[in-house]
Amino acid sequence: MDYKIEEVEISNSLEKLSILSLTELTFIPENINTANNTEELIFTESLIELNKYFKADNINIESLGGKPELYRSRKSADIYLPTIFIASSILVENPNTISVILNIISSFIYDNLKGTIGKKTAKIEFYVEKKEKGKITKIEYKGDAEGLKDLEKIIKSL
Amino acid sequence: MLIFIDNPKLLLDEFNQMADIAQKKAFITVGIEIQKEEIETIQNYLNELSQLKKEFVRRNLENEANLVYCIENSLLAIAYELQMLIHLKEDKMAEAWDNLVRAQVIYGTVICNSPFQTQENDNFLNRLEQYEKLLFPNLYFQSVGAIIKESHCSVCNQKSGNCEHIKGKLYKGELCTRIITDAELEEVSFVKNPANKHCRVISIEQNGKAIDILTLREINK
């Protein structure tokens, strides 16, 4: 498992996009820091399919700025997954949701790697909100489906 | 073929026999005419399977229709493998590569959807991977990045994301894909590990001459 942790600041970007708050679980667009309005927001293409896996397990994740219209497609063999924002309330009130989310993403990666040739990596970022409002820790993960499950402890420890 | 509607197990038995015969001919030493004949046999059988699949769909037997997809595409992958071997012997290297990639991709969809996870599945995929390493030089590929503006589901035609069909899964014997109708090209990059191995570097320039990467022959413009 390969992961990197850093603090990020998105409140200015949200203000520019006239977004007052985020729902507990939110897909974050790739260009959150450069988009001038919500119509310009570009989401990772795999969001379309991944969200169906979440819905099948009754996990509702909203996309920042409403229903996505633009998706970035990369024709690389690696799997690029959308960034997911996790609110601090989830960690406090419903921590089991983290393991459910990670299991769903893990199944998605497993299904997408099945029947392919060569070494492939999945890449995903989580924006985890800290207890102090507005503070966000970014966890950047690169690895296989199995390693993703180990992120649970790291996310919960933040 | 109608007998298989009552007993799909017989279909599996017939498939196993056909695959066994075809794979015995998938060696580079086997005569070209014998391999061509085998491809024709597979093609004829695929035509019959197509009718059977329609009948399963008509009767709302989705699992059976999906099974037919797996059987027809497993055989198609072997046909592409045979075609690759023929092309190699006919000194048509670019065509050989394309057929290998077709076999890999199509068999990948079978493994993703096969109701049976068998060692034979993995063995065949490994075999297709080994061809790539043993018969072809290291290749470089191009990867395209784009912003998708409009796309829809191949199964129901609804806008992507508006339905429950999952790309890469089977529905009524057909593979669900995303049909992109409007996209803006962002970048083209050189990669070693592409999603599409058809998209490869074809030639290099040496001393002002274009050289075919597979054959090292000069390409006549």
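Below, chains carry the letters A, B, ... as their sequence lines are ordered, and counting in each starts from 1. Keep in mind that the numbers below use all heavy atoms, side chains included, and drop hydrogens, waters and symmetry copies.
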Cut-off 3.5 Å, side chains only: do [X] and [Y] have a donor facing an acceptor?
X: A:Y127; Y: A:T26; value: no
X: A:E30; Y: A:T83; value: no
X: B:N121; Y: B:Y107; value: yes
X: B:K36; Y: B:Q83; value: no

task: Run the ring-centre check on A:F108 versus A:Y53 and record whether the distance is less than 6.0 Å.
output: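 Centroid separation for A:F108 and A:Y53: below 6.0 Å.
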field: Test of ring centre spacing under 6.0 Å for A:F27 and A:F43
entry: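 Between A:F27 and A:F43, the centre distance exceeds or equals 6.0 Å.
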field: Region of B:E129 that comes under 4.5 Å of a non-hydrogen atom in chain A
entry: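 For B:E129, backbone and side chain are both near chain A.
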- prompt: Going from CD1 on A:I117 to CG on B:L125, what distance comes out if it is rounded to the nearest 0.5 angstrom?
  reply: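 It is 4.0 Å, given to the nearest 0.5 Å.
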task: Quick one: pull up OG1 in A:T137 and CD1 in A:I86 and give me the separation to the nearest 0.5 Å.
output: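 Answer for the OG1-CD1 pair, A:T137 versus A:I86, is 11.0 Å.
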query: Is any NZ, NE, NH1 or NH2 atom of the basic residue among B:E150 and B:K159 found under 4.0 Å from an Asp or Glu carboxylate oxygen of the other?
result: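 Salt bridge absent between B:E150 and B:K159.
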Using a 4.5 angstrom heavy-atom cutoff, name the option from [options] with the most pairs to chain A.
options: B:G161, B:G108, B:A146; value: B:A146
options: B:H165, B:E132, B:E184, B:E187; value: B:H165
options: B:E186, B:R178, B:K197; value: B:R178
options: B:C199, B:A183, B:C163; value: B:C163

- request: Sort out for me which of A:A56, A:S76, A:G118 touches chain B most, counting heavy-atom pairs under 4.5 Å.
  value: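 Heavy-atom pairs under 4.5 Å are most numerous for A:S76.
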Residue among A:K114, A:K52, A:K55, A:R74 with most heavy-atom pairs under 4.5 Å to chain B: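 Heavy-atom pairs under 4.5 Å are most numerous for A:K52.
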- request: Sort by residue number and list every member of residues 59-73 of chain A having a non-hydrogen atom under 4.5 Å from chain B.
  value: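 Result: A:K67, A:E69, A:L70, A:Y71, A:R72, A:S73.
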message: So, using side chain to side chain donor-acceptor pair (under 3.5 Å) as the criterion, who are the partners of A:S107 when residues are at least two apart?
response: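 Listed in chain order: nothing, the list is empty.
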field: Part of A:D111 within contact of chain B (heavy atom distance under 4.5 Å)
entry: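 Both backbone and side chain of A:D111 come within 4.5 Å of chain B.
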